Amino acid sequence: MAKKTTHICANCGSVIAPKTHTKGNTLIELILWLCLIIPGLIYSIWRLTTRHQICPQCKSADIVDLTSPRGANLQKEFS
């Protein structure tokens with residue numbers, strides 16, 4: 001099943017289904033969990049709280065819902 005294109009990227013103008021991006025590195029997280037529980041827990045919480053949506057084309061975090069007024073203006077601007 002294909003993802004719905006519900007957003008527009010204000011950076012490149014792509015009409016996209018946003019991709020979720022988590023900052024940090026999974027390998028570092030694993031190593032911290034293996035060393036001690038507290039550093040691993042802190043790093044995992046940080047990674048979860050910095051999760052955000054990005055454009056899969058240009059990796060920009062400046063994406064806008066197509067149903068919003070700004071999204072409609074961007075769609076007209078990039079068309």
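Just so it is clear, the structure is predicted and the values come from calculations on it, not from any experiment.
Cluster membership for Ile54 and Ile63, using ILVMFWY side-chain heavy atoms within less than 4.5 angstrom, is not shared. Note: the hydrophobic cluster containing Val64 also contains Phe78 (ILVMFWY, side chain heavy atoms under 4.5 Å, direct or indirect links).
Residues Thr20 and Pro18 form no side-chain contact, since every pair of their non-hydrogen atoms from C-beta on lies 4.5 Å or further apart. Residues Cys55 and Ile8 fail the side-chain proximity criterion, which asks for heavy atoms closer than 4.5 Å. Counting heavy atoms from C-beta outward, Lys23 and His52 have side chains that approach closer than 4.5 Å. Under the 4.5 Å side-chain criterion, counting only non-hydrogen atoms from C-beta, Ser14 is not in contact with Cys58.
Note that the SG atom of Cys9 and the CD atom of Gln53 stand 12.5 Å from one another [nearest 0.5 Å].
For the side-chain contact (heavy atoms from CB on, under 4.5 Å) with His7, the qualifying choice from Leu74, Leu66, Asp65 is Asp65, the only one to do so.
Using a distance-only test at 3.5 Å, with no hydrogens or angles considered, no donor-acceptor pair links the side chain of His21 to the main chain of Lys19.
Applying the salt bridge (Lys or Arg N to Asp or Glu O under 4.0 Å) test to pairs two or more places apart or on separate chains, those with a residue in residues 67-79 are Asp62-Arg70.
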Output a table of donor-acceptor pairs, distance under 3.5 Å, between side-chain atoms of residues 25-40 and any protein atom two or more places apart or on a different chain; print 'none' if there are none.
residue	atom	partner	partner atom	Å
Asn25	OD1	Leu27	N	2.7
Asn25	OD1	Ile28	N	3.4
Glu29	OE1	Arg47	NH1	2.5
Glu29	OE2	Ser44	OG	2.4
Trp33	NE1	Gly40	O	3.2
Trp33	NE1	Ser44	OG	2.7

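Every residue two or more places apart in sequence or in another chain was checked for a side chain to side chain donor-acceptor pair (under 3.5 Å) with Asn11, and none qualifies.
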